[in-house]
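A short write-up of the structure that comes next.
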Amino acid sequence: MRIGYPCINRSVGCSGNHTFRLASYSEDRLVETVGRNLACLERMLRYNVEHGLLFFRITSDLVPFASHPVCRLRWQDHFGPALRRLGRFVKRHRMRISMHPDQFTLVNSPDRSILRRSISELLYHCDVLDAMELTGRAKIQIHVGGAYGDKPRSMSRFVRRYRRLEPRLLRRLVVENDDRIYTAEDCLGLSRQCGIPVLFDVLHHEVNPGGDAIASLLGRCAATWRRRDGLPMVDYSSQEPGARRGKHAETLDIRMFRKFLRDSRPHDFDIMLEIKDKEASALRALAAATDDWRLK
DNA sequence: GGCAGTCAAGTACGC
DNA sequence: GCGTACTTGACTGCC
């Protein structure tokens, strides 16, 4: 078990999420922004190693507009040495990396142009991880997509489209249950058809439940990950008290987390804490898991 | 310097 | 068919 957090670190004093408006796009602006983002990514990774947080999600904003037609720069080449160096750092410290394209990436959209843009976006994410020379254990997590008024048909479309993706995408993609449409049980059904590993999201499951209890689902999701995929990944958050259902907590409820650790045994996985205060909660989670045999 | 409105991209839903 | 909520941090223009 590794413990981590997504994209942003509030302690290191820099942001790796710099972007800009499409209207102000220029190659100089892109190079300058990506340079700043990579410099901050390195600081966050160093912080993580120093603090024992060995799981990290890299922001999709690392290279703004990378999949947009406006971007003509071969950023993979331009920043190749820097990305390789970061990849070596990750491997040296046995860290785990993931990425999570945003809601506009829809493999199962009936609209071919949305599919085309989604594949470009997936390839961008893949390019980042490939340029870092990370193995297939570095994952890109996506949701199934929309229901489009016919959920079974939209699930079949996902399977069909998924099977046609190129191998370098297939080795990285995993599917995650969402908080409104596709449950963990739905994702397991997709996995049976096309073999995609299932990433279990604890809060999404609580908001949009389906099938078994958490412990059983963790085991069934874990069984969809092959040796070459690495340890299963799990997204963990809890509900912010008094807020809209499904809203991520501002800070980790340590009692609930301890209960989750107990209930999830004996399954082992890497856990991403999707909590607003980021590394602060991740550190508390790490402390809470100190005595857990699963912790790396 | 601070603030409010806006931002590439989509879906779902209410009217 | 149109407008809006969803979700979120950063950018941008305006004061």
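Keep in mind it's a predicted model, so treat the numbers as computed, not measured. In what follows, chains carry the letters A, B, and so on, assigned in the order in which the sequence lines appear, proteins first and then strands, with residues in each chain numbered from 1.
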Check your understanding: Does a donor on one side chain and an acceptor on the other come within less than 3.5 Å for A:E121 and A:T105?
Key -> no
Review point. Does A:R10 make a side-chain N or O approach to OP1 or OP2 of C:dG9 shorter than 4.0 Å?
Key: yes
Exercise for review: Following the transitive rule for hydrophobic clusters with a side-chain heavy-atom cut-off under 4.5 Å over Ile, Leu, Val, Met, Phe, Trp and Tyr, establish whether A:Y5 and A:I275 coincide in one cluster.
Suggested key: yes
Check your understanding: Judged by modelled atom types alone, do A:H100 and A:S60 share a side-chain donor-acceptor pair under 3.5 Å?
Key -> no
Review point. Base, sugar-phosphate alone, or nothing: which one does A:S24 contact when heavy atoms must sit under 4.0 Å apart?
Key: sugar-phosphate
Exercise for review: Please report, rounded to the nearest Å, how far the P atom of C:dT8 is from the CZ atom of A:R57.
Suggested key: 12 Å
**Study point:** Polar side-chain atom of A:H18 near backbone of A:N37 as donor-acceptor pair, under 3.5 Å
**Key:** no
Practice item. Decide whether A:D61 and A:T19 meet the rule of one side-chain donor and one side-chain acceptor closer than 3.5 Å. Key: no
Within the sub-3.5 Å range, which N or O atoms of nucleotides 13-15 of chain C have a protein N or O partner, and how far apart are they?
none

Review point. Taking atom types as modelled and ignoring hydrogens, do the side chains of A:S15 and A:N17 form a donor-acceptor contact shorter than 3.5 angstrom?
Key: no
Exercise for review: Would you grab the first and last nucleotide of DNA chain B (5' to 3') that comes under 4.0 Å of any non-hydrogen atom in chain A?
Suggested key: B:dG5 to B:dA12
**Study point:** Sugar-phosphate only, base, or nothing, as touched by A:R29 at under 4.0 Å among non-hydrogen atoms
**Key:** sugar-phosphate
Exercise for review: Taking atom P in both B:dC3 and C:dC6, compute the distance separating them and give it to the nearest angstrom.
Suggested key: 24 Å
Practice item. Would you tell me whether A:R294 and A:S264 have side-chain atoms, one donor and one acceptor, within less than 3.5 Å of each other? Key: yes
Review point. Quick one: which of A:F257, A:F200, A:F269 gives a ring pair (Phe, Tyr, Trp, His ring centres under 6.0 Å) with A:Y236?
Key: A:F257
Find every protein N or O atom lying less than 3.5 Å from an N or O atom of nucleotides 1-5 of chain C, and list the pairs.
none

Practice item. Give the dot-bracket string for DNA chain C, reading 5' to 3', where a pair is Watson-Crick or G-U wobble with both distances under 3.5 Å, ( ) marks pairs inside the strand, [ ] marks pairs crossing earlier ones, | marks a partner on another strand, and . marks unpaired. Key: ||||||..|||||||
Review point. Rounded to whole angstrom units, what separation is found between the CG atom of A:D179 and the P atom of C:dC6?
Key: 12 Å
Check your understanding: For residues A:S154 and A:R157, is any side-chain donor paired with an opposing acceptor at under 3.5 Å?
Key -> yes
Exercise for review: Starting from C1' on C:dG9, measure out to CG on A:N37 and report it in whole angstrom.
Suggested key: 13 Å
Point to revise | Donor-acceptor contact present, side-chain A:S118 to main-chain A:I114, <3.5 Å | key: yes
**Study point:** Carboxylate-amine/guanidinium proximity below 4.0 Å for A:R72 and A:E27
**Key:** no
Practice item. Taking only heavy atoms on the protein side, list every residue of residues 61-78 of chain A lying under 4.0 Å from any atom of DNA chain C, sorted numerically. Key: none
Point to revise | Below 4.0 Å: OP1/OP2 of C:dC6 and any side-chain N or O of A:K247 | key: no
Point to revise | Distance-only polar pair, side chains of A:Q141 and A:D201, donor-acceptor under 3.5 Å | key: no
Practice item. Tell me which residues in residues 145-161 of chain A put a heavy atom below 4.0 Å from DNA chain C, sorted by number, or none. Key: none
Review point. Can you tell me if the gamma sulfurs of A:C40 and A:C14 fall under 2.5 Å?
Key: yes
Practice item. Would you mind checking if A:E185 and A:R220 are paired as a salt bridge, meaning a charged N to carboxylate O distance below 4.0 Å? Key: yes
Check your understanding: Does the A:T183 side chain pair with the main chain of A:P209, one donor and one acceptor, at a distance under 3.5 Å?
Key -> no
